[in-house]
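Numbers restart at 1 for each chain; the letters A, B, ... are given by sequence-line order, proteins then strands.
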Number of protein chains: 2
Amino acid sequence: MGSGKPTIDDVAALAGVARVTVSRVLNGGPNVSDKVRQAVLAAVEKLQYKVNVQARSLAGGKSRVLGLIYSSDVETEPNSFYYSAIELGALRACSQVGFQLGTHAVNQHSLRKADLVMEIIRSRRYDGLILTPPFSDDAELLENIKAVRFPVVAVSAGRPAQSIVPSVSIDDEAAGYELTRHLLLLGHRRFAFIKGLEGHVSAEDRYLGFVRALEQAGIAPTSARVERGSFTFRSGIDIAARILNGSDRPTALICANDDMAVGALFTAHKMGLQLPRELSVVGFDDTPVSEIIWPPLTTIHQPLKTMGARAAEILFDTVSGEPPQPAEHGLANLVPHRLVIRESASSPSL
Amino acid sequence: MGSGKPTIDDVAALAGVARVTVSRVLNGGPNVSDKVRQAVLAAVEKLQYKVNVQARSLAGGKSRVLGLIYSSDVETEPNSFYYSAIELGALRACSQVGFQLGTHAVNQHSLRKADLVMEIIRSRRYDGLILTPPFSDDAELLENIKAVRFPVVAVSAGRPAQSIVPSVSIDDEAAGYELTRHLLLLGHRRFAFIKGLEGHVSAEDRYLGFVRALEQAGIAPTSARVERGSFTFRSGIDIAARILNGSDRPTALICANDDMAVGALFTAHKMGLQLPRELSVVGFDDTPVSEIIWPPLTTIHQPLKTMGARAAEILFDTVSGEPPQPAEHGLANLVPHRLVIRESASSPSL
DNA sequence: GACGCATATGGAAGCGCTTCCAGAGCGATC
DNA sequence: GATCGCTCTGGAAGCGCTTCCATATGCGTC
């Protein structure tokens with residue numbers, strides 16, 4: 001001692017207590033008299049002591065690190081805001097309680113993607129894992145994780161996944177319904193819908209809400225042109241071109257996420273359409289681009305940061321041995337979404 | 001053994017060698033016969049053994065974790081792509097060599113921001129730190145870090161910072177020159193320039209390049225309207241409004257980053273200007289928005305991912321005790337930038 | 001006054017790995 | 001054939017912490 005970083009023993013010596021006692025104070029353990037606690041704290045302060053996290057991890061059997069799994073895909077990278085926001089939220093929650101966050105990009109097209117995730121779990125680096133789409137919708141993977149009793153929470157998972165592991169999401173069906181309703185009230189009758197990649201159940205739920213709104217308004221859902229994109233800006237451009245060049249052009253176009261909506265806007269601009277008079281376009285997510293674009297995008301705001309934070313918090317509880325969520329029910333944490341009305345949707349020109 | 005995760009001792013036992021030998025094989029140590037190496041590897045494979053990283057960290061005195069410091073500022077958050085890209089690059093480099101990456105958002109307006117960074121260093125959680133602007137330009141902080149001999153690399157640091165610690169950046173002055181040159185060749189003569197926040201030296205260098213190009217073309221730099229923004233979309237909107245509403249409107253507007261350029265585009269749209277005929281706007285960074293926006297933005301591409309990866313690699317070398325960069329000189333790693341010509345800049349209407 | 005039962009403190013044993021140092025084997029050198 | 005120096009291998013110590021268990025003290029109960 002003396003030289004190098006101070007250790008717990010230095011603190012114990014200075015405070016005149018045993019090492020265990022220092023440990024107890026540091027970890028908020030019970031049965032420590034106030035006098036001793038003060039002495040220890042004073043010693044910690046004086047020595048500028050910092051626990052050695054690796055030693056703590058080794059001894060305690062917990063790493064105090066959470067992992068975030070997201071899909072790495074060159075294609076979707078512009079879409080990265082979606083993941084960044086979740087990450088930022090989780091990161092903040094983590095640093096508040098002294099946890100770290102490790103992020104892992106996993107290629108979703110890899111045949112071994114589920115194995116890769118299981119390997120991350122086996123590495124024992126993390127106390128818990130936050131899964132984002134499409135991993136959060138992979139029922140088989142989820143079951144595997146559940147089988148080894150590893151703490152996990154699925155973000156934006158669809159209904160089926162929600163019944164397997166704890167999750168945090170918005171009510172995508174309701175959001176899709178509200179968005180469509182808004183368009184309906186604006187006077188639209190001819191719709192087109194660009195879905196996202198298959199397997200993203202929550203995005204699919206948005207379509208379900210769309211269908212419900214249409215039916216309720218007495219419009220046959222089959223009258224709407226429905227295509228499937230890949231969540232990317234480019235796919236939005238291409239599909240919008242197909243849709244808008246066709247006969248009987250719709251007056252309103254709903255996209256399963258903002259990036260595709262922005263792509264659609266791009267195509268519309270290229271075609272020289274007057275926006276939003278000749279075409280209303282709406283998106284989903286409320287990523288930063290939506291208010292930057294011209295015209296600013298009407299969309300559904302998803303509180304991604306909050307969702308990331310909630311996910312981390314659920315994990316903290318699980319890790320520290322809290323009673324697992326009140327069974328079946330509390331398993332799915334719903335956070336509120338919000339319809340954000342901007343200028344990309346208006347009444348159709350008659 | 002038997003139950004629980006296999007440890008290095010289990011592997012040693014199965015391979016019929018000592019624990020040290022296994023350690024040597026795992027870490028690529030010297031002096032291991034081929035026969036023994038094979039036996040160990042086979043045992044590792046059979047047992048599905050994974051090293052326990054916390055034990056390794058504790059014993060080895062190295063955490064094998066790199067830290068990335070970025071500025072958290074509610075204002076600049078839409079700008080987060082800039083940081084995300086650097087992070088992604090660093091992350092990939094890290095996972096290739098079995099390192100982890102921890103990210104830390106530090107409020108740049110906090111009075112204790114330098115202290116906060118020093119505290120992160122003292123936590124001993126990281127083997128090295130990657131600093132992004134504006135931290136990478138904080139000479140005092142850099143000197144402090146250098147004084148405790150902690151491995152660090154500054155990303156996008158300005159000239160002064162580059163002489164203190166290893167850094168990776170593009171040649172911002174040259175980039176600013178090229179961009180201006182492009183506009184000049186297009187026929188522009190009346191310019192405006194929106195700078196970024198003070199203290200971001202590299203962004204300031206872009207302006208210096210602009211001045212040099214103007215002088216070379218025989219145009220007085222003082223003839224250009226110069227304002228200072230804060231890198232945000234909103235500041236781009238506001239400042240562009242001031243500039244474009246003034247008399248003697250410029251035909252070309254150069255912005256120190258893409259977000260402000262996009263803001264300027266937004267204002268121009270609002271004013272009903274024909275783009276790019278009536279106004280050319282160029283940005284800097286080539287973030288994803290620049291190709292999404294209408295009209296697509298002419299800008300300077302910064303290889304952010306590469307820069308993040310390079311930064312991590314420099315740290316790997318430093319951490320594993322490689323000879324520190326060949327003195328003064330190699331300290332600054334320059335990576336190539338690229339002028340990306342899209343449609344937001346054209347010849348001015350005469 | 002002996003007993004029980006909380007509350008407070010400490011001793012010792014490890015967590016799973018790496019590093020330091022010692023030793024064994026063996027061909028080359030004089 | 002003794003000495004050197006090389007390559008390969010292992011024993012032991014210990015990184016800095018937490019956990020388990022034992023012990024000491026105080027106080028109410030019969």
Side-chain angles (χ1 to χ4, degrees), chain A residues 1-40 43-44 47-65 98 122-125 127 319-321, chain B residues 1-40 43-44 47-65 98 122-125 127 319-321:
Chain A
M1 62 201 254
S3 76
K5 294 281 160 196
T7 74
I8 195 174
D9 287 322
D10 297 328
V11 175
L14 182 60
V17 299
R19 185 202 292 179
V20 228
T21 305
V22 177
S23 175
R24 262 194 282 264
V25 172
L26 260 28
N27 296 293
N31 298 344
V32 180
S33 71
D34 236 44
K35 210 186 72 187
V36 170
R37 165 169 277 110
Q38 295 310 328
V40 170
V44 166
L47 258 25
Q48 285 246 47
Y49 170 75
K50 294 260 174 206
V51 294
N52 177 320
V53 287
Q54 19 270 20
R56 169 181 279 174
S57 296
L58 179 57
K62 296 188 187 318
S63 66
R64 289 167 161 268
V65 181
R122 259 185 254 114
S123 77
R124 309 200 125 258
R125 235 183 246 257
D127 284 347
V319 168
S320 52
Chain B
M1 58 204 259
S3 77
K5 292 282 160 195
T7 74
I8 194 173
D9 287 321
D10 297 328
V11 175
L14 182 60
V17 298
R19 185 201 294 177
V20 227
T21 305
V22 177
S23 174
R24 261 193 284 262
V25 172
L26 260 27
N27 296 292
N31 297 345
V32 181
S33 71
D34 237 42
K35 211 185 71 186
V36 170
R37 162 169 280 111
Q38 296 309 330
V40 169
V44 166
L47 258 28
Q48 285 247 49
Y49 169 76
K50 294 261 174 207
V51 293
N52 177 319
V53 287
Q54 18 271 19
R56 169 183 277 175
S57 297
L58 178 57
K62 296 188 188 318
S63 66
R64 290 167 161 267
V65 181
R122 258 185 257 114
S123 78
R124 308 200 125 256
R125 235 183 245 257
D127 284 348
V319 168
S320 53

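Shown here is A:R37, whose CZ atom has more than 12 heavy atoms of other residues, nucleotides or ligands within 6.0 Å.
The interatomic distance linking B:I8 (CD1) with D:dG14 (P) rounds to 19 Å, in whole Å. Separating the CG atom of B:N27 from the P atom of C:dG16 is a distance of 17 Å, rounded to the nearest angstrom. Separating the CG atom of A:D10 from the C1' atom of D:dC15 is a distance of 14 Å, rounded to the nearest angstrom. A:Q54 places its CD atom 15 Å from the P atom of C:dC17, with the value rounded to the nearest Å. Rounding to whole angstrom units, CG of residue A:D9 and C1' of D:dT18 are separated by 12 Å.
Here the closest non-hydrogen pair linking B:A55 and A:L58 is CB-CD1, 3.7 Å. The two residues A:G98 and B:R125 come nearest to each other via the heavy atoms O-NH2, 3.7 Å. For A:R56 against A:L26, the heavy-atom pair with the smallest separation is NH2-CB, 4.5 Å.
For the segment residues 56-65 of chain B, the set of residues with a heavy atom within less than 4.0 Å of an atom of DNA chain D comprises B:L58, B:A59, in numerical order.
Taking 4.0 angstrom as the limit, A:S23 places a side-chain polar atom (N or O) nearer than this to OP1 or OP2 of D:dT18.
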Could you check A:V51 against A:I8 for side-chain contact (heavy atoms from CB on, under 4.5 Å), going step by step and ending with a plain yes or no? CA-CA 7 Å; A:V51 294; A:I8 195 174; over 6 Å; no

Show, in sequence, the C-alpha distance, side-chain angles and deciding distance for A:S123 and B:V53, and conclude whether the side-chain contact (heavy atoms from CB on, under 4.5 Å) test is met. CA-CA 8 Å; A:S123 77; B:V53 287; over 6 Å; no

Given B:T7 and B:N52, is the side-chain contact (heavy atoms from CB on, under 4.5 Å) satisfied, shown in steps? CA-CA 8 Å; B:T7 74; B:N52 177 319; over 6 Å; no

Could you go over nucleotides 8-11 of chain C and give all protein N or O partners under 3.5 Å, atom names and distances?
from	atom 1	to	atom 2	distance (Å)
C:dA8	OP2	A:N31	OD1	3.3
C:dT9	OP1	A:S33	OG	3.2
C:dT9	OP2	A:S33	N	2.9
C:dT9	OP2	A:S33	OG	3.4
C:dG10	OP2	A:A18	N	2.8
C:dG10	OP2	A:T21	OG1	2.7
C:dG10	N7	A:R24	NH2	3.1

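A distance-only check finds no donor-acceptor pair linking the side chain of B:S63 to the backbone of B:S57 [under 3.5 Å].
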